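Take a look at the structure set out below.
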Amino acid sequence: MQCFVDRATKKTVALIPLCEKSLPDWLNRHGEQYKAWVEASHYEAKAGSVLLLPGENGVDTALVGVDDAEPIWSWGGVVAKLPAGRYRIDADKDGTAANAATLGWALGQYRFDRYRKSEEGLRELIWPVEADREFVKAQASAIYLTRDLVNTPSSDMGPRELADTAKELAKEFGGEVSVVKGKDLLKENFPMIHAVGRASSRDPRLIDLTWGEPTAPKVTLVGKGVCFDSGGLDLKPASGMLMMKKDMGGSAQVLGLARMIMATGLDVRLRVLISAVENAVSGNAYRPMDILTARNGKTVEIYNTDAEGRLVLADALVLASEDKPEVIFDFATLTGAARVALGTEMPALFTNSDQLAGEVLQFSTSDSDPLWRMPLFASYRKLLDSKTADISNCSSGPYGGSITAALFLQEFVGEDIDWAHIDLMSWNLSARDGRPEGGEAQGIRAVYSYIANRFG
């Protein structure tokens, strides 16, 4: 990546990582030279902060605040506050700390510049000896991809463009992609994907990417790819549509996670399934009270056409289950109810496996990639009962919306398969250290660590 260099070929500034507790000790050891400057600057070494120190020939040292609990995001904040130039980390680090520092360095310099080029100078870091370069590059490039996909407006990120992205990944890493689109979705028995997407002038698609040795453990990722969600005939208000380019955020997550898995060569048989549609309005749009038949034969009454994501995911989950993988992860910008419960920064994790939940949440903490488990509360299944079909696509009541959505999806997952559903925002409402406003990767580093630990 351009923000890293192998060695110093010109003047470099030494970065000294400190925290609020370690700053006094450092000052005691360097008091005569720097104490007055630090005190005059009121510097406290808060996470993500920077203090440039004057030297004989200009600035040659900087203090940077790093929180050991969240080093990635501390370094992401640090790099954004430094002037363009070349830097090195002046501290002993183990591999984990070096990886966190370099990943944060890369993520803090992400810019979405497809439509407006940034003239901001580059901040280059000399690779720490302890860093796993390929791992860091794989993680950073995957998150860049995810952010880019979500940030791209729907005019340039429709079902075809999602399929093209999957094809590019397959070509880069030696995978294979098949795409079923338009009326062929009916022939291949993906009726709900077709029903949701048929009103758009852009054909709906089922994208199927495979990679890895056929004999390796099967890991399947399913992504919601609603490239724009008008709400269908249950039309959203203008304010509700404003951010709906990000409704394909689930597909962006699984493509980013797939890149991570393939770039690091995990020994798995990876399958990525994306239901790519646009939920539009036209004369042939699906309607409230319609009854659709899913791929597994279940009949679904449509209570609200704006609950379309679970419909397109359902057909893909049935297909995923037919292959009997070891584990299925689906990612989706599915419900506002999950955001009400947990806010925008904490995706909701639903799973049928306590062991999977415990391990994923452990990595969520260690990787600073937050997730929170929510219950598949069986008693709420009755809220999806329909008088005319096997199930309704959403509850008629205002409560427990993220839980009932997850319970709906569970109806389409095969028995005895570990499954996890991640309901996420995929968007930063405001900028934070290492995380600019806009599209965001959420949960994929924690899930990657789980997969690598279980199958690696």
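Quantities reported herein were computed from a predicted structural model and do not represent experimental measurements.
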Can you check side chain to side chain donor-acceptor pair (under 3.5 Å) on Asp369 and Ser364, steps first, answer last?
CA-CA 5 Å; Asp369 195 13; Ser364 168; over 6 Å; no

Salt bridge or not between Arg432 and Glu345? Use side-chain N to carboxylate O under 4.0 Å.
yes

List the steps and the verdict of side-chain contact (heavy atoms from CB on, under 4.5 Å) for His421 and Leu349.
CA-CA 6 Å; His421 159 60; Leu349 170 71; over 6 Å; no

Answer yes if the side chains of Ser282 and Asn284 hold a donor-acceptor pair under 3.5 Å, and no otherwise.
yes

Backbone N/O of Thr215 and side chain of Arg269: donor-acceptor pair under 3.5 Å
no

With a 4.0 Å cut-off, would you call Asp423 and Arg310 a salt bridge?
no

Between Asn279 and Asp229, does any side-chain donor sit less than 3.5 Å from a side-chain acceptor?
yes

Quick check, are the ring centers of Tyr450 and Phe363 under 6.0 angstrom apart?
no

Between Glu124 and Arg86, is the closest basic N to carboxylate O distance under 4.0 Å?
yes

Flag the pair Lys224 and Glu308 as a salt bridge only when some basic side-chain nitrogen lies within less than 4.0 angstrom of an acidic carboxylate oxygen.
yes

Quick check on Lys245: does its NZ atom have over 12 non-hydrogen neighbours (other residues, nucleotides or ligands) under 6.0 Å away?
yes

Check whether Asn151 reaches the backbone of Arg147 with its side chain - one donor and one acceptor, N or O, closer than 3.5 Å.
yes

Tell me whether Lys187 at atom NZ has more than 12 heavy atoms from other residues, nucleotides or ligands lying less than 6.0 Å away.
no

Under 3.5 Å: donor-acceptor pair, side chain of Arg123, backbone of Val79
yes

side-chain hydrogen bond (donor to acceptor under 3.5 Å, both in side chains) partner of Ser426, chosen from Glu440, Gln442, Gln253:
Gln253

Quick one: pull up CD1 in Ile444 and CD1 in Ile143 and give me the separation to the nearest 0.5 Å.
5.5 Å

Looking at Gly414, is its backbone amide N or carbonyl O close enough to the side chain of Ser321 to form a donor-acceptor pair, meaning the two atoms are under 3.5 Å apart?
yes

Donor-acceptor contact below 3.5 Å, side chain Thr351 vs main chain Ala357
no

Evaluate ring pair (Phe, Tyr, Trp, His ring centres under 6.0 Å) for Trp419 paired with Phe329, printing each intermediate quantity in order.
CA-CA 6 Å; Trp419 162 68; Phe329 284 93; over 10 Å; no

Looking at Lys183 and Asp203, is any side-chain nitrogen of the basic one under 4.0 Å from a carboxylate oxygen of the acidic one?
no

Within 45 degrees of the axis of the six-membered ring of Phe190 and under 6.0 Å from its centre: does Arg295 put its NZ or CZ there?
yes

Can you check side-chain contact (heavy atoms from CB on, under 4.5 Å) on Tyr115 and Asp156, steps first, answer last?
CA-CA 11 Å; Tyr115 301 94; Asp156 293 324; 2.6 Å; yes

When you measure from the side chain of Arg202 to the backbone of Gly197, do you find a donor-acceptor pair of N or O atoms at a distance under 3.5 Å?
no

Identified side-chain contact (heavy atoms from CB on, under 4.5 Å) partner of Arg271 from the options Asp208, Leu221, Leu209
Asp208

Given the rule in the side-chain contact (heavy atoms from CB on, under 4.5 Å) test, do Arg259 and Ser141 qualify, once you have shown the distances and angles that lead to the verdict?
CA-CA 8 Å; Arg259 167 173 270 285; Ser141 61; 3.7 Å; yes

Donor-acceptor pair, distance only, cut-off 3.5 Å: does the side chain of Asp67 make one with the backbone of Ala69?
yes

Check whether NZ of the Lys or CZ of the Arg Arg435 lies under 6.0 Å from the centre of the six-membered ring of Trp73 and within 45 degrees of that ring's axis.
yes

Parallel, tilted or perpendicular: which describes the rings of Phe412 and Phe408, with under 30° parallel and over 60° perpendicular?
tilted

With a 6.0 Å cut-off (strictly less than), is the heavy-atom count around CZ of Phe4, excluding the residue itself, greater than 12?
yes

Tell me, with the steps shown, if Ser386 and Tyr303 meet side-chain contact (heavy atoms from CB on, under 4.5 Å).
CA-CA 9 Å; Ser386 165; Tyr303 183 80; over 6 Å; no

Is there a donor-acceptor pair closer than 3.5 Å between any side-chain N or O of Asn352 and the backbone N or O of Ile417?
yes

Taking the side chain from Glu161 and the backbone from Gly158, do they hold a donor-acceptor pair closer than 3.5 Å?
yes

Is it the case that the side chain of Trp75 and the backbone of Val66 share a donor-acceptor pair, with hydrogens and angles ignored and the cut-off at 3.5 Å?
no

Test Leu206 against every option in Leu319, Val277, Asp315 by the side-chain contact (heavy atoms from CB on, under 4.5 Å) rule and name the one that passes.
Leu319

Are Tyr110 and Asp148 linked by a side-chain donor-acceptor pair shorter than 3.5 Å?
yes

Chi angles and distances behind the salt bridge (Lys or Arg N to Asp or Glu O under 4.0 Å) call for Asp184, Arg205:
CA-CA 9 Å; Asp184 287 342; Arg205 287 161 169 80; over 6 Å; no

Using a strict cut-off of less than 4.0 Å between a Lys/Arg side-chain nitrogen and an Asp/Glu carboxylate oxygen, indicate whether Arg454 and Asp418 qualify as a salt bridge.
yes

Just wondering, do Thr293 and Lys298 contact through their side chains at under 4.5 Å, heavy atoms?
no

So with a 6.0 Å cut-off around CD of Glu322, is the heavy-atom count from everything else above 12?
yes

For the pair Lys171 and Asp164, find out whether any cationic side-chain nitrogen is under 4.0 Å from an anionic carboxylate oxygen.
no

